[in-house]
Amino acid sequence: MRQRPKKQEGPADGGDDDIGAILARNDAVGFPISENLDPRRFAKFLYWSAWRPTAIAEFLDLPEGTIASWKNRDGWDASSSLQRVEGVLEARIITLIWKGLKEGRDFKEIDLLGRQMVTIARVRKFEGEGGHTGHLNDKVANRNAKEKAKARRNVLTEEQLEVLLQRHLDEMFGYQHEWHVQRQQRHRMILKSRQIGATFYFAREALLYAMETGNNQIFLSASKRQAHVFRKYIIDFVKLTVGVDLTGEEIMLDRGDDPETGLPRPRPTLYFLGTNSRTAQSNNGDLYFDEFFWVHGFKTLEDVASGMASHKQYRLTYFSTPSSITHEAYPFWTGAAWNADRPKAERREFEVTHQALKDGRLCEDGIWRQIVTIEDAAAKGCTLFDLVSLRMRKSPAAWANLYMCQFVDDTQSVFPMAALQPCQVEEWDVWNDVDFTKLHLGYGRPYEGEVWLSYDPNGDGENADNAGLVLVAPPETPGKGKFRVIWKEQFKGSDFTKQAKRIQALATRFNVTKIDIDKTGIGDAVYQLVVQWFPQARGHRYDPVLKTRMVHKALDVVARKRLEYPISWLDMTSALMSIRRALTSSGRHLTYEAPRTKKSGHGDLAWALFQALDNEPLEAAIGVVRRSRVKVFAND
């Protein structure tokens, strides 16, 4: 049996009791065998070095049972390979560091063991939470540390641009080709008929011009939702033509690299803004202003909007259907605003009649103006309409305003545009309790609150027009809060059964607590069907007293800015502007009416709204609410 050396007073450098000398004498073990050595730990290291417990007991001159006990209690077999190597490595490198006189091979071994400890640390990091191969391999780690080049998106090549341009040219109508020819004009202003494809055309024009010039393109509309129609047209155009998916709320286009320098070309951005975007002056680029005759606060917004295109390389394009002669944009169109602050000698006469502008003209203020009626569109190749059928279905007033580019004279209106504009809102921004996806896709319950449904029927015979229906979310407290018109629709024809079923379908999707129906004409048939499943529905027969009360209630709500409806609902605005004062047939009483025959206009949505508002009593505006009492008498 091997004898352990006896403990000495202290090692002398170079002597037989030097640690280095002890190491040399115990080279096969690698550790100094002395009485200072912890036999329990040394036994563990020997076991991990594949020594048998009996050999360890014999070598350390200890009972075999002691070794077996240490083995079980310290979990020698449970230790991982990494723990075993790490333990032995630690002991060896510390021993070398304590060596008094070191040789060259000692320093080499210390360096080697130090690098092995780094390796072990990497392995531990790799095995820990979030570990990856970069913790084991420097090359992988360095590669991952480099900033990765972002994948390029919204890339359109010159070849794809040629394909897009050719399709754009091939699908133009004549008046759109005129717009294309005038696209370099610094400022264009177009008065147009509805549904002739202006938004569709200018979406494509803006995309192609951005790719050609690198200019940003800014789309401004009466509502942000309408502005996003531009976005949809652009995305669909590119996807269906060249198969590229354009992404981003604001679309940054990639025009590729300059072949001479190899550097990326300027990348223009397409911005889609609503009229509440008063901070838009931070953007700059070519501006497209859609439906500018319908926005609230046009003068202020125009200053901001035109400022975005102040630089000489940028263009402004304004286009819209007409609204009323009292709108702030009307003097801008007629040139009156341009003349207003100029000396009399510098003023100019502006010819803005249809005859003067049907083919477009560069006017005295440097703005290229054009009027495109539906008849002009048809004459210049538009095949989208059956003009005879469409005209038969519209009243002369509606036809003139919607399709022949004639402004409404609302100076005699009970609800002029100036009074209505504060009621128009960007519903997507302010109605946080409405699920617009469910609302417009027609499933589920889009709104959990109370809703009042009101229906105004179409007339009969000579009085035939459209039926109108609105859903109004009332305020929680009568006389306070806002009435919000969250849904509207119109019906054509006289199928009263179908219209009654539609009312019932809406009542199942919303928490409808009140239903009001004008019982005129087929309205009575609709009412009879509705009361079968909604007995508390109210039927109305209009007379001057009822009309006056409803209009006065609506006037109070509008004046107090307690009404909200989406700014994009141009038909609701037109319907309200159509309400006028009139005398009864006897000429002795004042009443209210909307032109509702084929010889006049369209007020069905307005009357449907008035019926709903009438559920809140007039006196609620001053804090008085009518209350009713019910007495129940028991039978004897």
Side-chain angles (χ1 to χ4, degrees), residues 149-169 171-172 176 179-188 198-221 224 226-275 277-290 292 304-319:
K150 294 182 179 179
R152 297 175 73 161
R153 62 174 185 167
N154 300 338
V155 179
L156 292 174
T157 65
E158 292 184 2
E159 292 75 14
Q160 291 170 330
L161 187 59
E162 290 179 5
V163 175
L164 290 167
L165 177 58
Q166 190 59 53
R167 180 180 178 185
H168 180 50
L169 294 171
E171 295 181 353
M172 287 182 192
Q176 294 172 330
W179 299 341
H180 177 72
V181 170
Q182 300 296 332
R183 68 189 184 280
Q184 299 293 349
Q185 290 286 350
R186 178 78 172 85
H187 196 165
R188 293 175 292 179
T199 305
F200 176 84
Y201 165 83
F202 285 119
R204 293 182 170 192
E205 179 192 276
L207 169 72
L208 294 169
Y209 200 75
M211 290 297 299
E212 176 187 343
T213 64
N215 290 356
N216 295 333
Q217 306 292 303
I218 303 167
F219 302 92
L220 191 64
S221 190
K224 190 166 185 179
Q226 177 65 22
H228 273 70
V229 174
F230 283 105
R231 183 176 182 275
K232 183 178 186 305
Y233 282 150
I234 290 169
I235 289 174
D236 290 349
F237 177 47
V238 174
K239 176 64 176 178
L240 296 176
T241 306
V242 296
V244 175
D245 289 305
L246 298 182
T247 61
E249 181 71 14
E250 297 172 347
I251 301 175
M252 178 180 287
L253 300 172
D254 190 330
R255 302 167 64 228
D257 298 332
D258 188 311
E260 295 183 1
T261 65
L263 298 175
R265 292 189 177 104
R267 297 180 181 180
T269 300
L270 311 182
Y271 299 96
F272 307 93
L273 309 174
T275 54
S277 304
R278 299 300 173 87
T279 58
Q281 60 263 37
S282 60
N283 300 318
N284 62 80
D286 298 313
L287 174 67
Y288 290 86
F289 197 164
D290 187 11
F292 67 97
V304 174
S306 60
M308 294 186 288
S310 296
H311 296 173
K312 64 182 180 180
Q313 73 268 27
Y314 296 136
R315 308 162 306 135
L316 300 96
T317 302
Y318 293 10
F319 59 101

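As a basis for the values below, the full set of heavy atoms in this structure was taken, side chains included, without hydrogen atoms, waters or symmetry mates.
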side-chain contact (heavy atoms from CB on, under 4.5 Å) for L156 and N154? Distances and angles first, verdict last.
CA-CA 6 Å; L156 292 174; N154 300 338; over 6 Å; no
Side-chain (E250) to main-chain (G248) donor-acceptor, under 3.5 angstrom:
no
Please check if the side chain of N216 supplies one atom and the backbone of N284 the other of a donor-acceptor pair under 3.5 Å.
yes
Look up atom OG1 in T213 and atom CD in Q184, then write down how far apart they are to the nearest 0.5 Å.
9.0 Å
Find out whether F230 and Q217 are in side-chain contact, i.e. whether some heavy atom of one side chain is under 4.5 Å from a heavy atom of the other.
no
For the residue pair W179 and F202, categorise the inter-ring angle as parallel (less than 30°), tilted (30 to 60°) or perpendicular (more than 60°).
parallel
Could you pull out all residues at least two apart from R183 that satisfy salt bridge (Lys or Arg N to Asp or Glu O under 4.0 Å)?
none
What do the steps show when you test Y314 against M308 for side-chain contact (heavy atoms from CB on, under 4.5 Å), and what is the final call?
CA-CA 9 Å; Y314 296 136; M308 294 186 288; over 6 Å; no
Fit a plane to each ring of F272 and F219, take the angle between them on a 0 to 90° scale, and name the class: parallel (under 30°), tilted (30 to 60°) or perpendicular (over 60°).
parallel
Rounded to the nearest 0.5 Å, what's the gap from CD on E159 to CG on L164? Could you check?
11.5 Å
Counting heavy atoms not belonging to E158, are there more than 12 under 6.0 Å from its CD?
no
Please walk me through it: do M211 and L165 pass side-chain contact (heavy atoms from CB on, under 4.5 Å)?
CA-CA 11 Å; M211 290 297 299; L165 177 58; over 6 Å; no
So, taking the atom named CZ in F289 and the one named CG in L287, what distance separates them when rounded to the nearest 0.5 Å?
7.5 Å
Salt bridge (charged side-chain N to carboxylate O under 4.0 Å, His left out) contacts in which one or both residues fall within residues 226-235, not counting sequence neighbours:
K232-D236
Between T241 and F237, what is the shortest heavy-atom contact and its length?
OG1-O, 2.6 Å
Got a sec, which residues hit side-chain contact (heavy atoms from CB on, under 4.5 Å) with R153, two or more places apart in sequence or on another chain?
T247
Please name the pair of heavy atoms, one in M172 and one in Q176, separated by the smallest distance, quoted to 0.1 Å.
CA-OE1, 3.5 Å
Any idea which heavy atoms bring Q226 and S221 closest together, and the distance?
CG-OG, 2.8 Å
First locate atom OG1 of T199, then atom OH of Y233, and finally report the distance between them rounded to the nearest 0.5 Å.
6.5 Å
Please check if the side chain of R204 supplies one atom and the backbone of H168 the other of a donor-acceptor pair under 3.5 Å.
no
What's the separation between atom CZ in F319 and atom CG in D290, rounded to the nearest 0.5 Å?
4.0 Å
Rounded to the nearest 0.5 Å, what's the gap from CG on D257 to CZ on R152? Could you check?
4.0 Å
May I have the step-by-step check of side-chain contact (heavy atoms from CB on, under 4.5 Å) for L246 and L253, ending in yes or no?
CA-CA 8 Å; L246 298 182; L253 300 172; 4.2 Å; yes
Would you call R267 and D254 a salt bridge, using N to O less than 4.0 angstrom?
yes
Expected output: side-chain Y201 to main-chain H180 donor-acceptor under 3.5 Å:
yes
With a 4.5 Å limit on heavy-atom distance, are the side chains of P268 and Y209 in contact?
no
